[in-house]
Amino acid sequence: MNRTPHIAVIGAGIAGSACASTLQGAGFQVSLFDKSRGPGGRMSTRRGDGWQCDHGAQYFTARAPAFRAEVARWEVAGVAAKWQAQVRSFGGDSAAGSVDADSATERFVGAPRMSSVAAWLASSLALSTKVTISGLQREAVGWSLLVQDGHALGEAYDIVVLAVPAPQAAPLLRKVAPQQAALAEQVRMAGCWSLMLDYDAPLVLDFEAAFVNQGPLRWVARDSSKPGRAGRESWLLHASAAWSEQHIERDGDEVAALLLAAFAELGGPAPQRWSAHRWRYASTPQVRSEGCLWEPAQGLGVCGDWLNGGTVETAWLSGQALAQRIIAAQA
Ligand code: FAD
């Protein structure tokens, strides 16, 4: 190729945003697409008047040296910070309300909200939001992206990167890369019910977050204790994957009543306002270990948490790994 290759990245979660920004930094022309209103994917934040709450990823670790360096860059940019929360454990083998055994873990969050990281990464990229890609077509001039009514977006791309959860990658891959589609089809993702609580006044509880190993809950957190948060007292409840799967088709009001009752058992009073969110594809109980997929002959790449460990950190590493493979293939 004697012109700058044009790359379409589908999915502006942390994997797609990281991949796109590294590719652009290496001199490629990159266009990023997402079906949502903004970037971030599962690193997302619900916002209301004077209130906000992260309802997807709660915090991230930074263990790999490359990711630690990236998080340091985010901290300098003011879009991530360490969250030093008082974390407890309830239920299971833990004594009631015991300090979490894992409390030495360094936890980072996006600041002032979880979605800030991807928003910052995407700020220098050509991002089109509210665009759902419904099909891929390989033609002599390159890749065409099909949108919902079946028509192709205006341009042809030399390379396509899919950075979407496995159940959403599978149908896009089926016609153009059946082997990769079969691999994505094997990956089962679990849902998660999320309940965001909005209070007029701060709660008096002796923890800011807790792992819960009993009943429907798995995690509770005082969202307003995270760094950079302004506004009213905000708490987040996550149901466990098993409970969420069992109740995934239930009405949000019924789910909220059950989760609020479980929170009351931990001492949490009823909020003034709440909102529920159902994640159909939250976590990947059995992640794959490929890291990413890259087909140089076709110019087709796949990245995302389901190929590399199921966390923010490993999703970022997946996006990076794919970008490096694409860069190496064009050298
Ligand atoms: P995503 O963030 O899912 O991004 C994929 C993007 O693709 C989305 O923005 C989506 O809108 C877009 N998309 C999908 N299909 C299409 C299409 N056809 N066309 C256009 N766009 C499309 N991780 C942690 O490290 N710590 C935690 O505490 C944690 N807690 C979590 C709690 C919950 C409830 C959830 C849901 C996740 C949690 N995770 C946590 C996991 C973490 O959020 C993910 O591992 C990570 O954000 C995945 O990033 P990704 O870029 O691979 O995918």
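Order of listing sets the numbers, starting from 1, for every ligand and every atom in it. Just so you know, these numbers use all the heavy atoms, side chains as well, and skip hydrogens, waters and symmetry mates. Please read all numbers here as calculations on a predicted model, not as lab measurements.
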Next item on the list: Do me a favour and list the nearest non-hydrogen protein atom to atom 41 (C) of ligand 1 with residue, atom name and distance?
Entry: Gly310 O, 3.9 Å
Next item on the list: For the pair Glu249 and Arg280, find out whether any cationic side-chain nitrogen is under 4.0 Å from an anionic carboxylate oxygen.
Entry: yes
Check: Which atoms of ligand 1 sit under 4.0 Å from any heavy atom of Gly11?
Finding: 6 (C), 7 (O), 12 (C)
Item checked: For atom 15 (N) of ligand 1, the option (of Thr284, Val164, Val9, Thr129) bearing the nearest heavy atom -> Val164
Next item on the list: Around atom 21 (N) of ligand 1, find the nearest protein heavy atom and jot down its residue, atom name and distance.
Entry: Lys35 N, 3.1 Å
Checklist line | Gln186 CD: over 12 foreign heavy atoms closer than 6.0 Å | finding: yes
Next item on the list: State the CH2-OG1 distance between Trp316 and Thr22, to the nearest 0.5 angstrom.
Entry: 6.5 Å
Next item on the list: Could you check atom 9 (O) of ligand 1 against the protein and tell me its nearest heavy-atom contact, residue, atom and distance included?
Entry: Asp34 OD2, 2.6 Å
Item checked: Pairs satisfying salt bridge (Lys or Arg N to Asp or Glu O under 4.0 Å), at least one member in residues 177-193, at least two apart -> Arg174-Glu185, Arg188-Glu245
Checklist line | Trp279 N/O to ligand 1 N/O under 3.5 Å | finding: no
Notebook entry, point to check: How many angstroms lie between CZ in Arg73 and CG in Leu121, if you round to the nearest 0.5 Å?
Noted result: 6.5 Å
Margin query: On a heavy-atom basis, I'd like to know which of Ala18, Ser115, Gly56 is closest to atom 32 (C) of ligand 1.
Written below: Gly56
Check: Between Ser144 and Glu139, do the side chains contain an N or O donor and an N or O acceptor separated by less than 3.5 Å?
Finding: yes
Item checked: Atoms of ligand 1, numbered as shown, that sit under 4.0 Å from any heavy atom of Pro165 -> 3 (O), 5 (C)
Notebook entry, point to check: Can you list the ligand 1 atoms lying under 4.0 Å from a non-hydrogen atom of Ser36?
Noted result: 11 (O)
Checklist line | From Ser134 atom OG to Leu172 atom CG, the distance as rounded to the nearest 0.5 Å | finding: 7.5 Å
Note to self: Please state which option from Cys19, Ala282, Ala241 has its nearest heavy atom closest to atom 37 (C) of ligand 1.
What the structure shows: Ala282
Check: Is Arg107 positioned over the aromatic face of Tyr59, cation under 6.0 angstrom from the ring centre and no more than 45 degrees off axis?
Finding: yes
Next item on the list: Output the list of atoms in ligand 1 that are nearer than 4.0 Å to some heavy atom of Ala163, sorted by atom number.
Entry: 5 (C), 6 (C), 7 (O)
Item checked: Nearest heavy atoms of Ser194 and Leu236, plus distance in Å -> OG-CD2, 3.5 Å
Item checked: Which of the ligand 1 atoms, numbered from 1, are nearer than 4.0 Å to a heavy atom of Met43 -> 47 (O)
Check: Which ligand 1 atoms does Val312 reach within 4.0 Å, using its non-hydrogen atoms?
Finding: 23 (N), 24 (C), 25 (O), 42 (C), 45 (O)
Margin query: Below 3.5 Å, N or O to N or O, backbone or side chain included: is there any such pair between Glu313 and ligand 1?
Written below: no
Notebook entry, point to check: What protein heavy atom sits nearest atom 52 (O) of ligand 1, and how far away is it?
Noted result: Asp305 N, 2.9 Å
Next item on the list: Output yes when the distance from some N or O of ligand 1 to some N or O of Arg42 is under 3.5 Å, and no in every other case.
Entry: yes
Next item on the list: Answer yes if the ring centres of Phe108 and Trp74 are under 6.0 angstrom apart, and no otherwise.
Entry: no
Check: Where is the nearest protein heavy atom to atom 4 (O) of ligand 1: which residue, which atom, and how far?
Finding: Gly13 CA, 3.4 Å
Next item on the list: Hey, could you give me the OG1/CG distance between Thr314 and Asp305, rounded to the nearest 0.5 Å?
Entry: 6.0 Å
Check: Roughly how far, to the nearest 0.5 Å, is NE2 of His247 from CZ of Arg278?
Finding: 13.0 Å
Check: Cut-off 3.5 Å, side chains only: do Thr61 and Glu313 have a donor facing an acceptor?
Finding: yes
Note to self: Under a 4.0 angstrom heavy-atom cut-off, which atoms of ligand 1 come close to Tyr59?
What the structure shows: 24 (C), 25 (O), 26 (N), 27 (C), 28 (O)
Check: Hey, is Thr314 touching ligand 1 through its side chain, its backbone, both or neither, going by heavy atoms under 4.0 Å?
Finding: neither
Check: Looking at Gln168, which atoms of ligand 1 are within less than 4.0 Å of one of its heavy atoms?
Finding: 14 (C), 15 (N)
Check: Does a donor on one side chain sit under 3.5 Å from an acceptor on the other, for Trp143 and Gln137?
Finding: no
Next item on the list: Measure the distance from atom 51 (O) of ligand 1 to every protein heavy atom, then report the residue, atom name and distance (to 0.1 Å) of the closest one.
Entry: Ala15 N, 2.9 Å
Next item on the list: Would you kindly specify which portion of Ala57 sits under 4.0 Å from ligand 1, judged on non-hydrogen atoms: side chain, backbone, both or neither?
Entry: both
Margin query: Would Ile133 count as being in polar contact with ligand 1, using the rule that some N or O on each side must be under 3.5 angstrom apart?
Written below: yes
